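Chain naming here is simple, since letters A, B, ... match the order of the sequence lines and numbering starts at 1 in each. No experiment lies behind these values; they were computed from the predicted model shown.
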Amino acid sequence: MSEINIPSKYDPAQVEDKWYSFWMEQNFFRSTPDDREPYCIVIPPPNVTGMLHMGHMLNNTLQDVLIRRARMQGKNALWVPGTDHASIATEARVVNKLSEQGIKKTDLTREEFMTHAWEWKEKHGGIILEQLKKLGASCDWERTRFTMDQALSESVIKVFVDLFKKGKIYRGVRMVNWDPQALTAVSDEEVNHREVKSKLYYLKYQVEGADEFITIATTRPETILGDTAVCVHPEDERFSKFHGKRVLVPLINRSIPIIVDDYVDREFGTGALKITPAHDINDYELGLKHNLESIDIFNDNGTLNESAQVLVGEDRFKARELIVPELEKAGNLVKTEDYLNKVGYSERTNAVIEPKLSLQWFLKMKELSGPALEHVMNDTVHLQPSKFKNTYRHWMENVKDWCISRQLWWGQRIPAYFYGDGPNDYVVAESAEEALVLAQEKTGKKALTVADLNQDEDVLDTWFSSWLWPISVFDGIRYPQNEDINYYYPTNDLVTAPDILFFWVARMIIAGYEYRDEKPFNSVYLTGMVRDSKRRKMSKSLGNSPDPIELMKKYSADGVRVGMLLCAPAGNDLLFDEGLTEQGRNFSNKIWNAFRLIMSWEVDLKIEQPDHSARAGDWFEAKLNRAFKKVEDQFKKYRISDALMIVYKLFWDEFSSWYLETIKPAYEAPIDGITYQRTIGFIDQLLHMLHPFMPFITEEIWQLITERKTGESLMVSPMPAPENYNKKLIGQFEDLKEVVTNVRSIRKDKNIPPKELLELMIRTSENDNYQESLEPVIKKLANLSEVTQVSEDPGDSISFIVKNVEYFVPVGDMVNREEELVKLQSELEYTEGFLKSVQKKLSNERFVQNAPAQVVEKERQKMGDAEVKIGVLEAQIEKLRAQA
RNA sequence: GGGGUGUUAGCUCAGUUGGUUCAGAGCGCGUGCUUGACAGGCACGAGGUCACUGGUUCGAUUCCAGUACAUCCCA
């Protein structure tokens, strides 16, 4: 071994590239169906033109950990990568890019625009996948999919047509967020709500045929022109006399009814509410409920139209300015107040969003979501952590129809073909040719041609393609019985953020049951959101998101992976701090140095194995197996963070600080063969355990630690299974550690240098837990010249008690009796208090009767131990006093 | 406005099927170390009436209710 030149400094940049290329060359990431058990994850497809951010880092590190572990456990592991066309975000980027070149979207035909968009996608698409490779992601890159690939788009259209035929898809009017500047509807996610200082205007409406008035409060006085009712609370006595009457809209004197509904907040404003169904979502709902007319007073660009009757052609904000003096002049303005309200702004243009009614396509969700609700509630699909089940249930029980149309071009165009102007003059088909046949049948007009058909201008919501992802990546919509889908579906785990639990996860479950009659995955691991150390979301505009690529350059991919995982318990937000990746890097360093230490030893087969090495080896073997077991348990519970922490502590504390320190030969002295071989075996197992978390450094060391055949790799080497271990030995060693720590502590108190040998005396009794066989280890670690057993307190020594065994370190005249007394007294006090509470418990009949026998027995044991300890402490105190 | 989740050491989080040898981890902090693998380190140590108020109980940080605060989703 010693011939190999091991650099004293680990060089991650060079090592990481080397092994990633090696794994790719060896085709280790590739998976095809065979007779092994499959383990499959489909990636949550990132935006095709997106860049890697910290959320991706967390998410994909977790997926890679799961995939690598499954692969080492002998499963046929497949991680399917891919990207999402993200219609809104990508189209916005393309539009921006074009406008920089002086091209307006409105000047282009749909075909021309799409050409530009595809060019953009080819140029920028997939950068993010290249970035994932730096992280070590072991995806089967040959299976990379894109939601607008031919096969996936066809699947989307097929599903649309199918759902339409099943009567699940319909067209309807709904309120959308209209951006009057961009002249398009935007999704809820693209609306930013901000608090704005505005005014609340109190306006009085004359009651028809009476000299009475009813006063309402509004922040948008210009919309009164579209009012179709005034609403009051049915139990509000102030207004009961108005029930059934009508009022006149100020300025235009249109007669509208006064209606009652308990939706009205009696405390707000005057308690009377104006209803404008065309321009407010709540008013719209009320309008539907009470059969009110909708009067849309705005043009698409935000100016008032003919329906407004006055101020026609003025912009909505100008109209607001102008209408106030008019109302004042007409005597309708009662007063104005300052008011803070929330206004929606378009993320893209920053224009104030106008709620607007428009004709959209919907998917009926009630029936479809039934199985998806049921199978999450009964844990057929596990949510991790399960606290999300409540949120999920609430959403699914109150599910609303899904608006699946978007007024965009980048995406799958809705396959509805219009042959006339009537609301039902259309057919839905997978192609124009099929549509023609249907249209001819429906109209009876054989003369119709494809040219007479106009395809719907809208595209489908991106989620309408991503909800098929676990099926469509295997082409299971078009070919439901193909080998891949039959083998890999349902997939095993899905790793994603909770904010898309409904947008994406729930809908995939729905699609799974609808199209495969089977869940899409067994478990959903919901990660937290990555935030900065001040709990703010990572965002470009705040500039608080570090560049993951730079981070990996600085701290290594392994370091960043560890940093992310250490603080990422499922479902909890992760407060990212560069210090965490530093901790990850430091851990790499620790591993590297432990490896260097072992490699530096010269083996001498002639020397016998020292007792302390043999004992430490037995102990660490037990420790290792226990850790394997614990790690397995944590993985079962999806506690990846805790699993890593177990390995982290095993390596750093147990292996490095205790085991290696015990077996370490003196400077330049050789090591015996047995200990050396055993240690190599340990490190081999540790590397297996660590590999899913830190794939690069573990591969590097594994390749160096002993000779390997060409093409051998840790990443495909079987993960050892946990074996039974000696629990008792682990407990005894814990006592030993306490003894060693006590001795070291005495050294520190008394300023005794670590190199100076000390003596240790032990007073044992018949029934104690003292383990003589571990003496050689204590001797080595505490740097003792001698360990002797005594029957009496030797005096002039500092004593301590571990598990009812008394230990004495003779320090001659360095004993400070006062200090010792104080220490012993306080320990005695605590133990007496403890004993008292145990006795109290045991003398309580109800406790003894009701508590399980085990618990009572344990309490008795505690009482006995405490009594013994008190006896020892009292004797020591007495002795000290006598000496004083 | 409706719903969900949470409030345990300076920070980020575990945990307790209700009982003082389990209130714990990592980081951070303090003290001392050029201890021949590692200062990106080693050793030792300090830190918490487990948000608040009531209730159930022999006993509550753990169960229940309310309050406050935080946070997420929907509107």
Pairing partner of B/C38 (Watson-Crick or G-U wobble, both distances under 3.5 Å): none
Paired to B/G45 by Watson-Crick or G-U wobble criteria (both distances under 3.5 Å) is B/C29
Can you tell me how far P in B/G40 sits from the matching atom in B/C13, rounded to whole Å? 28 Å
C1'-based separation of B/G47 from B/C42 [nearest Å]: 22 Å
Pick the closest RNA chain B nucleotide for A/P754 and for A/N742 by heavy atoms, then say which residue is nearer the 5' end. A/P754
Nearest heavy atom decides the nucleotide; on that basis, is A/M645 or A/N282 closer to the 5' end of RNA chain B? A/M645
Donor-acceptor pair between A/Q583 and A/Y555 side chains, under 3.5 angstrom: no
Can you check whether A/V802 reaches A/E734 side chain to side chain, under 4.5 Å on heavy atoms? no
For [X], report the nucleic acid contact type (base, sugar-phosphate, nothing); a contact means any heavy atom under 4.0 Å.
{"X": "A/S588", "answer": "nothing"}
{"X": "A/Y392", "answer": "nothing"}
{"X": "A/K637", "answer": "nothing"}
{"X": "A/N589", "answer": "base"}
{"X": "A/R747", "answer": "nothing"}
{"X": "A/E582", "answer": "nothing"}
{"X": "A/F587", "answer": "nothing"}
{"X": "A/S656", "answer": "base"}

Hey, would you say the A/F682 and A/F655 ring centroids sit under 6.0 Å apart? no
Do the two ring centres, one from A/F595 and one from A/W592, sit under 6.0 Å apart? yes
Check for me whether A/R678 meets the cation-pi criterion with A/W601, that is, NZ or CZ under 6.0 Å from the six-membered ring centre and within 45 degrees of the ring axis. no
Under 4.0 Å: is that the gap between some side-chain N or O of [X] and OP1 or OP2 of [N]?
{"X": "A/K664", "N": "B/A37", "result": "yes"}
{"X": "A/N593", "N": "B/G41", "result": "no"}
{"X": "A/R639", "N": "B/G15", "result": "yes"}
{"X": "A/K755", "N": "B/C33", "result": "no"}
{"X": "A/W652", "N": "B/C42", "result": "yes"}
{"X": "A/Y10", "N": "B/A37", "result": "no"}

Atom [atom1] of [X] to atom [atom2] of [N]: distance rounded to whole Å?
{"X": "A/W592", "N": "B/A37", "atom1": "CH2", "atom2": "P", "answer": "17 Å"}
{"X": "A/Q583", "N": "B/C29", "atom1": "CD", "atom2": "P", "answer": "13 Å"}
{"X": "A/R585", "N": "B/C27", "atom1": "CZ", "atom2": "P", "answer": "14 Å"}
{"X": "A/Q634", "N": "B/A25", "atom1": "CD", "atom2": "P", "answer": "16 Å"}

Mark yes or no for a side-chain to base donor-acceptor pair under 3.5 Å between A/K869 and B/U21, with no hydrogen or angle criteria applied. no
Is there a donor and acceptor pair, one atom on the side chain of A/E661 and one on the base of B/A37, closer than 3.5 Å? yes
Check the angle between the aromatic planes of A/F651 and A/F587 and answer parallel, tilted or perpendicular using the 30° and 60° thresholds. perpendicular
Out of [options], which nucleotide sits closest to the side chain of [X]?
{"X": "A/F502", "options": "B/G26, B/C73, B/G45", "value": "B/C73"}
{"X": "A/D499", "options": "B/C42, B/G4, B/C73", "value": "B/C73"}
{"X": "A/K400", "options": "B/A25, B/C74, B/U5", "value": "B/C74"}

Would you please test A/Y10 and A/E700 for side chain to side chain donor-acceptor pair (under 3.5 Å) and show each step? CA-CA 10 Å; A/Y10 173 60; A/E700 171 76 0; over 6 Å; no
